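See below for the structure under consideration.
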Amino acid sequence: MTTISLILNGKARTSTVLPRDTLAGYLRDGCQLTGTHLGCEHGACGACTVLLDGEPVRSCIVLAVTADAREVQSIEGLRDDAIMVLLRKAFHEAHALQCGFCTPGMLITARDILRRHHAPDETLIRRELAGQICRCTGYVGIVEAIRCAGAELAATPQPIE
Ligand code: FES
Ligand code: FES
């Protein structure tokens, strides 16, 4: 067993993990943060996306020990994030989910897109979403939701961090 200490969703946490434990397994089973979904479990679908030091990673192929002395944010930790608030509203209005299985990873990736691109258009959003798989929606609502949230963010007088 290995002891790790990290900042998880803004709070310091120390845990004991096995060297083979994935970050996704640690979040779900060790921390009861089940908003991190597991789809393919080999890095292909993006359902398990979380932020590691602010960058999106596929937590099914990241070992939990990698998170030692680092900062992890799961979908639960982004509840009050300003961009995420815009995105949740946009996903609701654009009917951007059906079963919701892909949605946590999709939202975290969408937030990353909006942090890196000013008012992205459909072409750019589709290219950026290439690694996120949704088996239900056909992507039209998801792309529209991110476009709308990006347009709203661009029209916001104060930049949102
Ligand atoms: S469950 Fe991690 S990428 Fe699919
Ligand atoms: S809404 Fe079902 S997988 Fe995307």
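Counting from 1, the numbers follow the sequence of the chain as shown. Please read these numbers as outputs of a predicted model, since none were measured by experiment. In each ligand, atom 1 is the first atom listed, and ligand 1 is the first ligand listed.
Side-chain atoms of Thr137 do not come within 3.5 Å of backbone N or O of Leu97 as any donor-acceptor pair. Between the side chain of His37 and the backbone N or O of Phe101, at least one donor-acceptor pair lies under 3.5 Å. Distance alone, capped at 3.5 Å, places no donor-acceptor pair between the Asp21 side chain and the Tyr26 backbone. Between the side chain of Glu71 and the backbone N or O of Ile7, no donor-acceptor pair lies under 3.5 Å. The backbone N or O of Leu38 lies less than 3.5 Å from no partner atom in the side chain of Glu41, so there is not a single donor-acceptor pair.
Among protein heavy atoms, the minimum distance from atom 3 (S) of ligand 2 is reached at Arg135 N, 3.3 Å. Of the protein's heavy atoms, Gln98 N, 3.2 Å lies nearest to atom 1 (S) of ligand 2.
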Steps toward side-chain contact (heavy atoms from CB on, under 4.5 Å) verdict (Leu51, Ile108): CA-CA 8 Å; Leu51 298 178; Ile108 288 178; 3.8 Å; yes
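The Glu41 neighbourhood of ligand 1 comprises atoms 1 (S), 4 (Fe), with distances under 4.0 Å to a heavy atom of that residue. Residue Gly100 approaches ligand 2 through these ligand atoms, each under 4.0 Å from one of its heavy atoms: 1 (S), 2 (Fe). Every atom of ligand 1 is numbered from 1 in the order shown, and the set under 4.0 Å from a heavy atom of Cys40 is 1 (S), 3 (S), 4 (Fe). Residue contact check: Ala44 has heavy atoms under 4.0 Å from atoms 3 (S) of ligand 1. Listed by number with element, the atoms of ligand 1 under 4.0 Å from a non-hydrogen atom of Cys60 are 1 (S), 2 (Fe), 3 (S). When each atom of ligand 1 is checked for a heavy atom of Cys48 under 4.0 Å away, the hits are 1 (S), 2 (Fe), 3 (S). Atoms of ligand 2 lying under 4.0 Å from at least one heavy atom of Cys136, given by number and element, are 1 (S), 2 (Fe), 3 (S). Heavy-atom proximity to Gly43, at under 4.0 Å, picks out these atoms of ligand 1: 3 (S). The contact set between ligand 1 and Cys45, taken as ligand atoms under 4.0 Å from a residue heavy atom, comprises 1 (S), 3 (S), 4 (Fe).
Inclusion of Cys102 in the first shell of atom 2 (Fe) of ligand 2 is not supported: no N, O or S atom falls under 2.8 Å. Inclusion of Cys134 in the first shell of atom 2 (Fe) of ligand 2 is not supported: no N, O or S atom falls under 2.8 Å.
Side-chain contact check for Val17 versus Val65: some heavy-atom pair is nearer than 4.5 Å. Residues Met106 and Ile142 form a side-chain contact, since some pair of their non-hydrogen atoms from C-beta on lies under 4.5 Å apart.
By the criterion of a heavy-atom distance under 4.0 Å, neither the backbone nor the side chain of Ala24 is placed next to ligand 1.
Using a cut-off of 4.0 Å between Lys/Arg side-chain N and Asp/Glu carboxylate O, Arg111 and Asp81 are scored as salt-bridged.
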